S.K.: 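Mind looking over this structure? Questions follow.
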Amino acid sequence: MFCLACAGLTAKYWSLPNRKEARGLKTAALLAGSLAVLMWAFNASGMWEDGEKKESMNLIQIYGMTYDQSGSGIMVATHEGIKWWRDNQWQSEEGDRHDFVAFAPYDGGFYASGHPGPGSKLPNPLGLAKSTDVGKSIELLALEGKINFHLLAATTRAPAVVYGYHETFGTQPLRQPGLYYTADEGSNWVRSAMKGFEGEPTSLAVHPDRQELVAMGARDGLFLSQDKGNTFVQVLPGLGISALSFDHDGMITAGAFKDKPALLQLDSTGKQTAEIPLPELKEDAVAHTAHNPVKPEERVISTYEHDMYLTPDGGATWYQLAAGGKTKPSPERVPNAGQKQEGK
């Protein structure tokens, strides 16, 4: 309505004769008309709706994702704290915006590591931290100011066993780089021998119920351990592994790449059972993946180029939720790899 009013004023006053007293009205009419055109353009582009600008949220870095237990929302751990995709829109969680470099959800909340947010008085790095209120607050459990885990994984049912990998020399009890686990939230740590593992770890996951079953990814395959990371067996040789997760039934989802990115489903022995179709990823790969606990066919992925996609039907269709580190105001359907968009 405001645009129509501006257009009407423009037409009325621009038709005035070129008298001195009308020049000011003409100028105002021209400005009003220009504003109407700009507002129409914003509205047509979807950036302005019902008089309010649709703000994009930053997803510059995604460190992990998980669905809530009801399957109705997706919690995303980012460089700027926790973001939510729920009720078909993006929301930012209240609380400090900590940089959660590593993220491990469990049924009661999540464990994390990283750096304190702007203005926070918490020590840097955070060590092992825990949140039971979806990130509104965190509790520092151990190693604060000493260790920054880059990979974390946890069994999903409390009391959780937490695995962490750190790649630098630290202080006791984690003086050596490597894979460690704790069954008492950081009071005691055990170092895994990692025999048979080759390369630098790219991803880490642990079975939701079987604390001894650990999966680690590298640039040359997926490695599985049945003894808490003391010995590993290589599966999927020749494939780079970019993402790993266990679903609630103990199946493994692996983001992989060689000539092109892939999303593979495997059983707990590492045997491939399916390949899930992906959206078109140009010079990109899957960085994180999560499963809906209520709707088995629904899953979400994020990529190294800071894109995020959701499929409700096992990869048959995909919807883009974020692109290039910016959230989208509404889901946008995208073609699968190799498919052509309609009308092209």
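Given the structure is predicted, the values throughout are model-derived calculations rather than measurements. The chain is numbered in sequence order, starting from 1.
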S.K.: With a 3.5 Å distance limit and no angle check, can you tell me whether His166 reaches the backbone of Leu174 through a side-chain donor-acceptor pair?
M.R.: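 Between the backbone of Leu174 and the side chain of His166 there is a qualifying donor-acceptor contact (under 3.5 Å).
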S.K.: Is a side-chain N or O of Asn336 found less than 3.5 angstrom from the main chain of Gly315, in a donor-acceptor match?
M.R.: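 Yes; at least one donor-acceptor contact below 3.5 Å.
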S.K.: Is a donor on one side and an acceptor on the other found under 3.5 Å between the side chain of Thr182 and the backbone of Val162?
M.R.: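 Checking the backbone N and O of Val162 against the side chain of Thr182, no donor-acceptor pair under 3.5 Å is found.
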S.K.: Quick one: NE2 on His98 to CG on Leu126, what's the gap to the nearest 0.5 Å?
M.R.: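 Spacing of NE2 (His98) from CG (Leu126) equals 6.5 Å.
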S.K.: Following the transitive rule for hydrophobic clusters with a side-chain heavy-atom cut-off under 4.5 Å over Ile, Leu, Val, Met, Phe, Trp and Tyr, establish whether Phe232 and Val206 coincide in one cluster.
M.R.: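 Yes, Phe232 and Val206 fall within the same hydrophobic cluster.
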S.K.: Please evaluate residues Leu321 and Lys328 with respect to the criterion side-chain contact (heavy atoms from CB on, under 4.5 Å), reporting the C-alpha separation (whole Å), side-chain torsions for both, the decisive distance (0.1 Å), and the verdict.
M.R.: CA-CA 5 Å; Leu321 307 182; Lys328 285 184 169 291; 5.9 Å; no
S.K.: Nearest 0.5 Å, what's the CD1-CG distance between Ile241 and Leu236?
M.R.: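 Spacing of CD1 (Ile241) from CG (Leu236) equals 5.0 Å.
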S.K.: Where the side chain of Thr327 meets the backbone of Ser56, is there a donor-acceptor pair that is under 3.5 Å apart?
M.R.: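 Checking the backbone N and O of Ser56 against the side chain of Thr327, no donor-acceptor pair under 3.5 Å is found.
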S.K.: How close do Phe197 and Ala218 get, heavy atom to heavy atom, and via which atoms?
M.R.: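 Minimum heavy-atom contact is CZ-CB, 3.9 Å.
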S.K.: Could you walk me through whether Ser245 and Asp247 pass side-chain hydrogen bond (donor to acceptor under 3.5 Å, both in side chains), step by step?
M.R.: CA-CA 7 Å; Ser245 66; Asp247 66 19; over 6 Å; no
S.K.: Does Trp90 reach the main-chain N or O of Ser330 with its side chain, forming a donor-acceptor pair under 3.5 Å?
M.R.: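 Absent.
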S.K.: Is Asp307 reaching over with its side chain to a backbone N or O of Gly324, donor-acceptor style, under 3.5 angstrom?
M.R.: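 Pair found, side chain donor or acceptor close to backbone of Gly324.
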S.K.: So, the side chain of Asp267 versus the backbone of Thr269: is there a donor-acceptor pair under 3.5 Å, distance only?
M.R.: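 Yes: the side chain of Asp267 pairs with the backbone of Thr269.
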S.K.: Check this for me, if you would: do Arg219 and Glu200 make a salt bridge, where the nitrogen-to-carboxylate-oxygen distance has to be below 4.0 angstrom?
M.R.: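 Judged by the 4.0 Å cut-off on N to carboxylate O distance, Arg219 and Glu200 do not form a salt bridge.
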S.K.: Please confirm whether the backbone N or O of Val161 pairs with a side-chain atom of Thr155, one donor and one acceptor, at under 3.5 Å?
M.R.: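 Yes, the answer is positive, given that a donor and an acceptor are paired below the 3.5 Å cut-off.
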S.K.: Going by heavy atoms in the side chains, are Leu263 and Thr253 under 4.5 Å from each other?
M.R.: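 Yes, their side chains come closer than 4.5 Å.
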S.K.: What distance do Thr132 atom OG1 and Glu139 atom CD have between them, rounded to the nearest 0.5 Å?
M.R.: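 It comes to 7.5 Å.
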S.K.: Please determine whether residues Val235 and Leu239 belong to a single hydrophobic cluster, defined as Ile, Leu, Val, Met, Phe, Trp and Tyr linked transitively by side-chain heavy-atom distances below 4.5 Å.
M.R.: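 They do share one cluster, since a chain of ILVMFWY contacts under 4.5 Å joins Val235 to Leu239.
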S.K.: Let me know which of His248, Lys295, Glu298, Arg86 forms a side chain to side chain donor-acceptor pair (under 3.5 Å) with Tyr67.
M.R.: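 One option only clears the test, and that one is Glu298.
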S.K.: Could you go through His291 and Val300, starting from their C-alpha distance and side-chain angles, then the distance that decides it, and tell me whether this counts as side-chain contact (heavy atoms from CB on, under 4.5 Å)?
M.R.: CA-CA 7 Å; His291 319 76; Val300 62; over 6 Å; no
S.K.: Under a 4.5 Å cut-off applied to non-hydrogen side-chain atoms, are Thr66 and Phe103 in contact?
M.R.: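 Yes, side chains in contact.
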S.K.: Any non-hydrogen side-chain atom of Asn230 less than 4.5 Å from a side-chain atom of Lys195?
M.R.: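 In short, these two side chains do not touch, never coming nearer than 4.5 Å.
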S.K.: Specify the closest pair of heavy atoms between Leu266 and Met251, including all atoms of both residues, with the distance to one decimal.
M.R.: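 So the two residues come closest at O-CE, 3.5 Å.
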S.K.: I'd like to know whether Thr303 forms a side-chain hydrogen bond (donor to acceptor under 3.5 Å, both in side chains) with Asp284, so could you lay out the CA-CA distance, the side-chain angles of the two residues, the decisive distance to 0.1 Å, and finally the verdict.
M.R.: CA-CA 7 Å; Thr303 76; Asp284 203 356; 2.6 Å; yes
S.K.: Go through the steps for His288 and Ile62 under the test side-chain contact (heavy atoms from CB on, under 4.5 Å), then give the verdict.
M.R.: CA-CA 8 Å; His288 299 283; Ile62 296 176; 4.2 Å; yes
S.K.: Could you tell me whether the side chain of Ser192 reaches within less than 4.5 Å of the side chain of Tyr181, counting heavy atoms only?
M.R.: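 Counting from C-beta outward, Tyr181 and Ser192 do come under 4.5 Å.
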S.K.: Would you say that Pro125 contacts Ile147 through its side chain, given a criterion of any heavy-atom pair below 4.5 Å between the two side chains?
M.R.: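 No, side chains not in contact.
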S.K.: Give a yes or no on whether the backbone of Ile82 and the side-chain of Thr78 come within a donor-acceptor separation of less than 3.5 Å.
M.R.: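 Side chain of Thr78 to backbone of Ile82: no pair is present.
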S.K.: Hydrophobic clusters here meaning ILVMFWY residues chained together by side-chain heavy-atom distances under 4.5 Å, can you tell me if Phe110 and Trp84 are in one?
M.R.: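 Yes, Phe110 connects to Trp84 through the hydrophobic network.
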S.K.: So do the side chains of Phe223 and Val233 get within less than 4.5 Å of each other, counting heavy atoms only?
M.R.: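 The answer is no; the side chains never approach within 4.5 Å.
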S.K.: Describe, in one word, how the ring planes of Trp318 and Tyr309 are oriented to each other, choosing from parallel (under 30°), tilted (30 to 60°) and perpendicular (over 60°).
M.R.: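 It falls in the perpendicular class, over 60°.
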S.K.: For the atom pair CD (Gln234) and CE (Met216), what is the distance rounded to the nearest 0.5 Å?
M.R.: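 Gln234 CD to Met216 CE: 13.5 Å, rounded to 0.5 Å.
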S.K.: Determine, using the 4.5 Å side-chain heavy-atom cutoff (strictly less than), whether Tyr165 and Tyr163 are members of one ILVMFWY cluster.
M.R.: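 Tyr165 clusters together with Tyr163.
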S.K.: For the pair Arg210 and Glu212, find out whether any cationic side-chain nitrogen is under 4.0 Å from an anionic carboxylate oxygen.
M.R.: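 Glu212 and Arg210: salt-bridged.
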S.K.: In Å, rounded to the nearest 0.5 Å, how long is the span from OG of Ser203 to NE2 of His150?
M.R.: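 Between Ser203 OG and His150 NE2, I get 15.0 Å after rounding to 0.5 Å.
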S.K.: Heavy atoms only: give me the nearest Ala287-Ala243 pair and the separation to one decimal.
M.R.: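 In terms of heavy atoms, the two residues are closest at O-CB, 3.4 Å.
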S.K.: If two hydrophobic side chains count as joined below 4.5 Å and joins carry through other members, does Tyr319 share a cluster with Ile301?
M.R.: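 No: no chain of side-chain contacts under 4.5 Å links Tyr319 to Ile301.
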S.K.: Is there a donor-acceptor contact under 3.5 Å from the side chain of Asp99 to the main chain of His115?
M.R.: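 No, the answer is negative, given that no donor and acceptor are paired below the 3.5 Å cut-off.
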S.K.: Could you grab the distance from atom OG of Ser120 to atom CD1 of Ile138, nearest 0.5 Å is fine?
M.R.: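 Taking OG in Ser120 and CD1 in Ile138, the distance rounds to 7.0 Å.
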S.K.: Could you tell me if Lys326 and Asn58 have a donor-acceptor pair between their side chains, going purely by distance under 3.5 Å?
M.R.: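 The criterion, which ignores hydrogens and geometry beyond distance, is satisfied for Lys326 and Asn58.
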S.K.: Search all heavy atoms of Met65 against all heavy atoms of Ser302 and return the closest pair with its distance.
M.R.: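 The answer is CE-N, 3.6 Å.
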S.K.: Are Lys228 and Gln211 close enough, and set up right, to give a side-chain contact (heavy atoms from CB on, under 4.5 Å), and what steps lead you there?
M.R.: CA-CA 7 Å; Lys228 299 183 178 180; Gln211 60 179 273; 3.2 Å; yes
